[in-house]
2 protein chains.
Amino acid sequence: MKSIPENQIIRADSIEFMRSMPEESVDMVFADPPYNLQLAGELYRPNNSRVAGVDDAWDQFDDFDAYDRLTRDWLAAARRVLKPNGTLWVIGSYHNIFRVGTALQNIGFWILNDVVWVKSNPMPNFKGRRFTNAHETLIWCAKSQKSKYTFNYEAMKALNDDLQMRSDWTLPLCTGEERIKGADGKKAHPTQKPESLLYRTIVAATDPGDLILDPFSGSGTTSAVAKKLGRRYIGIDQDAGYVKLARKRLAEIPEASDAEAIQHTRPKRKEPRVPFGTLVENGLLAPGTMLTSPCRRHTAKVRADGTIISADHKGSIHQVGAAVQGAPSCNGWTYWQVASDARKAVPLDVLRQKFRTEAAL
Amino acid sequence: MKSIPENQIIRADSIEFMRSMPEESVDMVFADPPYNLQLAGELYRPNNSRVAGVDDAWDQFDDFDAYDRLTRDWLAAARRVLKPNGTLWVIGSYHNIFRVGTALQNIGFWILNDVVWVKSNPMPNFKGRRFTNAHETLIWCAKSQKSKYTFNYEAMKALNDDLQMRSDWTLPLCTGEERIKGADGKKAHPTQKPESLLYRTIVAATDPGDLILDPFSGSGTTSAVAKKLGRRYIGIDQDAGYVKLARKRLAEIPEASDAEAIQHTRPKRKEPRVPFGTLVENGLLAPGTMLTSPCRRHTAKVRADGTIISADHKGSIHQVGAAVQGAPSCNGWTYWQVASDARKAVPLDVLRQKFRTEAAL
DNA sequence: AGGACTATTGAATCCTCCA
DNA sequence: GTGGAGGATTCAATAGTCC
């Protein structure tokens, strides 16, 4: 039995390498496996620029069966090297995450949470044919139902302004300075994850000194954050280019000192935006309700999609408000009123405030 | 073959009943299947009050196999009754959603989006051993990859203050007035969904008059919202008590009578087509008129047959627009402008809209 | 220096009709 | 089924340029 090569990025076949490792030696696994995107043709933005899709060979599979076989194999190998109280994280999208989740349940992993990474700046849906794909899903699971896993509840609560950390995490994509570029100035890895995401998973589920394994190391984000947080790490990747990239990245990170362990993102809270349509959806205002202007000079009817329609105009509450007044702009929230009972009308803004209060309960 | 019993809540075994229905008769299915929650023992709040868990008999399964069999059966039956261009929604949590997602992919459903319902007021995690479970997952899928499904993009955008609707929906739980109580004052159904959630799925994926099927009707929220929005509905449930509850609920909802209110914003794609040549024929644009590109860099002359000719290219407004820019494609309606008077130029699209309005009179 | 404007880009299953 | 043509479609953030 070999000793474990710690704090390294290793070029190898992940499954083979994990099988060569001593069993029950790892505290946490973070895995970002291929998503099996199945992209067909090319995609262009409305300005005719081409979207750089993930068409790498490592994301190509003949069918679901082929993908499922790979999934079962790496999950089984990872489970073997995991300590009895260890946990595993996997990230994916709707293309693959259901298959991964099913496979890990079948193998005996015990799901603790699914967590959604809500992207604050996702790529839009350019053709307007679906909802903007604005999130990815992480599954957090223990080796077995009886695992006494690590969960740093207080640390998570502290990270979240003293409120329990929830299963939805709003974080930005990895862009700008943080995104590693190649010699050509283009992104060096197609799917580099933000450090903030790894930061939260590692702080939540490990203690300093724990050993973290990433079988799909890629640009090395998991190992980089592990090193910054004083955890031990092993990154494995098949691709020699990515291994070289990650080794360079890791070499530039100084050994963890206390001061550095507390930087990074804090979630910012702000009053949630409430689209007018939300009031309609939530029944505070039924489709067909009549709105009136302050002096009762104009009226408009609420439609099911949150637009309103007056005698001559239709559109948002702001657009129609501006149009009926012949004004360049209008705050529909304060302009339009709705009769709460026979006598008195209240501005829409009152309903919005009511909704915010109720939703927060 | 039986005719479809519309606008009813039916007490039946869902799978058997769907098998008895004519195939390809339903526009949308919304399903909230049993979650297979594996609650070990009871769950108590810190103040020792008991949390009413989901421990009804219909939620117990021997193992994953039994759950998977049920899932495959109801999905197959639902797929059979779906029209070729129909879509299906399923909601679930991490306990079951991965199995449901895998099963529907295996059957041939084509996933369009996964959507996370982010709960603005979730139940806290009382033990502090996991992240607050603050979301549920919906899968939206078409009957097949080639389905020409309905997605009311403009209506969704209108509901979200003129930004694309994203895959994360923040909505409150079903509480307060909306939550149906039994004679004992307790909640009448353990997993009643908020109407706002159904509202958004139905407005997104159906048109008024479409037929919506819910094979796990429960408290009848799907049918209730369908009725309010002027859609046809069928709800099926095994449990006579829930059927009675839902029938009473539906009886109290008036028919949707205001056609204007339930109508959503009409997509541009559905506007009647107007060939460019029609404008020339109808004298809105004389042969010989000069068109200019936005920055006046390119010009082209209108010819009698509705083609245009620039310095180097001739063809349709789209073809020449693309050619002069060296772009793969171009929407000539918005690219080319025509000088209405000496000062200002307007896009051809304005003339088209004018023509459509006049033609409709 | 600072504000205004432009260009770029991100795990994407991204059009539809008609001949 | 396939090919060609009409024509519909984007949000947030960062970096760079111009004035």
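Heavy atoms only: backbone and side chains are in, while hydrogens, waters and symmetry mates are out. Throughout, protein chains are lettered first and strands after them, A, B, ... in sequence-line order, and every chain is numbered starting at 1.
- Applying the 3.5 Å distance criterion, the base of D:dT9 shares no donor-acceptor pair with the side chain of A:R129.
- Here the C1' atom of nucleotide D:dG7 and the CD1 atom of B:I317 are 8 Å apart, to the nearest Å.
- Closest to the side chain of B:L163, out of C:dC17, D:dC11, C:dA12, is D:dC11.
- In this entry the base of C:dT13 is syn relative to its sugar, with a glycosidic angle within 90° of 0.
- Across all strands shown, A:G41 has heavy atoms under 4.0 Å from base atoms, whether or not it also approaches the sugar-phosphate.
- With hydrogens and angles disregarded, no donor-acceptor distance shorter than 3.5 Å links the side chain of A:S49 to the backbone of A:R45.
- Neither side chain, B:S167 nor B:N113, offers a donor N or O lying under 3.5 Å from an acceptor on the other.
- A:N96 places no side-chain N or O within donor-acceptor distance of the main-chain N or O of A:N36, the cut-off being under 3.5 Å.
- Regarding B:M156, its CE atom lies at a distance of 18 Å from the C1' atom of C:dC14, rounded to whole Å.
- Among the atoms of the strands shown, base atoms are found under 4.0 Å from some heavy atom of A:T191.
- If you check the side chains of B:D168 and A:H135, you find no donor sitting under 3.5 Å from an acceptor.
- Under the 4.5 Å side-chain criterion, counting only non-hydrogen atoms from C-beta, A:D55 is not in contact with A:L39.
- Spacing between atom CG of A:D59 and atom P of C:dA12 amounts to 11 Å, rounded to whole angstrom units.
- Side-chain to base pairing of B:R269 with D:dG6: no donor and acceptor N or O lie closer than 3.5 Å to each other.
- Side chain of A:K193, nearest nucleotide from C:dA11, C:dT13, D:dT10: C:dA11.
- Per the geometry, CG belonging to B:D349 stands 10 Å off P belonging to D:dG7, to the nearest Å.
- Partner assigned to C:dT16 is D:dA5, using Watson-Crick or G-U wobble distances below 3.5 angstrom.
- Nucleic acid contact for A:G176: sugar-phosphate only, since backbone atoms but no base atoms lie under 4.0 Å from a heavy atom of the residue.
- When heavy atoms are screened at a 4.0 angstrom cut-off, A:C174 is found touching no nucleic acid atom at all.
- The interatomic distance linking B:Q325 (CD) with D:dG7 (C1') rounds to 14 Å, in whole Å.
- Nucleotide C:dT6 forms a Watson-Crick or G-U wobble pair with D:dA15, both donor-acceptor distances falling under 3.5 Å.
- Relative to the side chain of B:W333, the nucleotides D:dG7, C:dT8, C:dA12 differ in distance, and D:dG7 lies closest.
- Looking at heavy-atom distances under 4.0 Å, A:E178 makes no contact with the nucleic acid at all.
- Taking the nucleotide of DNA chain C with the nearest heavy atom to each of A:L39 and A:S49, the more 5' of the two is matched to A:S49.
- A:T132 comes within contact range of no nucleotide atom at all, as no heavy-atom separation falls under 4.0 Å.
- The residue among B:I111 and B:K148 whose nearest nucleotide of DNA chain C is located toward the 5' end is B:I111.
- Nearest to the side-chain atoms of B:W110 among the listed nucleotides C:dT13, C:dA11, D:dT9 stands C:dT13.
- Separation of the C1' atoms belonging to C:dC17 and D:dA8 is 13 Å when rounded to the nearest angstrom.
- When only modelled atom types and interatomic distance are considered, B:R79 and B:S144 share no side-chain donor-acceptor pair under 3.5 Å.
- Of the candidates D:dG7, C:dT13, C:dC14, C:dC14 carries the atom nearest the A:L43 side chain, counting heavy atoms from C-beta on.
- Note: CZ (A:R179) to P (D:dA15) measures 14 Å, nearest angstrom.
- Counting non-hydrogen atoms under 4.0 angstrom, B:R352 reaches the backbone sugars and phosphates but no base.
- Taking for each of A:N47 and B:V274 the nucleotide of DNA chain D with the nearest heavy atom, the 5'-most of the two is the partner of B:V274.
- Between A:R50 atom CZ and D:dT9 atom P there is a gap of 23 Å when expressed in whole angstrom units.
- B:Y153 comes within contact range of the sugar-phosphate backbone alone, with a heavy-atom separation under 4.0 Å but no base atom that close.
- In this structure, A:F64 atom CZ and C:dT13 atom P are separated by 14 Å, rounded to whole Å.
- Aromatic ring pairs are classed by plane angle as parallel below 30°, tilted from 30° to 60° and perpendicular above 60°; the pair B:W89 and B:W169 is tilted.
- Using modelled atom types, one side-chain atom of B:N160 and one backbone atom of B:L163 make a donor-acceptor pair closer than 3.5 Å.
- Contact annotation for B:P267: no contact, since no heavy-atom pair falls under 4.0 Å across all strands.
- Within the 4.5 Å cutoff, the side chain of B:V320 has no heavy atoms near those of the B:Y335 side chain.
- Of the candidates D:dT9, D:dA15, D:dT10, D:dT10 carries the atom nearest the B:K157 side chain, counting heavy atoms from C-beta on.
- Residue A:Y94 places at least one side-chain N or O under 4.0 Å from the OP1 or OP2 atom of C:dT13.
- Within the nucleic acid shown, A:P33 comes within 4.0 Å of at least one base atom, counting heavy atoms only.
- Within 4.0 Å of B:D114, counting heavy atoms only, lies no atom of the nucleic acid at all.
- Residue whose closest nucleotide on DNA chain D sits further toward the 5' end, between A:T175 and B:H318: B:H318.
- Here C:dC14 is the nucleotide among D:dA8, C:dA12, C:dC14 with the atom lying nearest to any side-chain atom of A:F126.
- Nucleic acid contact for B:Q145: none, since no nucleic acid atom lies under 4.0 Å from a heavy atom of the residue.
- Each of D:dT10, C:dC15, C:dT9 was ranked by its minimum atom distance to the side chain of B:Q164; first place goes to D:dT10.
- You'll find that the side chain of B:S329 is closest to D:dA8, out of D:dA8, D:dA12, C:dG10.
- Taking atom P on both nucleotides, D:dA5 is separated from C:dA12 by 31 Å, rounded to a whole Å.
- Nucleotides D:dG7 and C:dT13 have their C1' atoms positioned 23 Å apart, rounded to a whole Å.
- C:dC15 and C:dA11 are spaced 22 Å apart, taking the C1' atom of each and rounding to whole Å.
- Within the nucleic acid shown, B:N331 comes within 4.0 Å of at least one base atom, counting heavy atoms only.
- Within 4.0 Å (heavy atoms only), A:W117 reaches no atom of the nucleic acid at all.
- Candidate nucleotides D:dA13, C:dT13, D:dG6 were compared by shortest atom distance to the side chain of A:N121, and D:dA13 ranks first.
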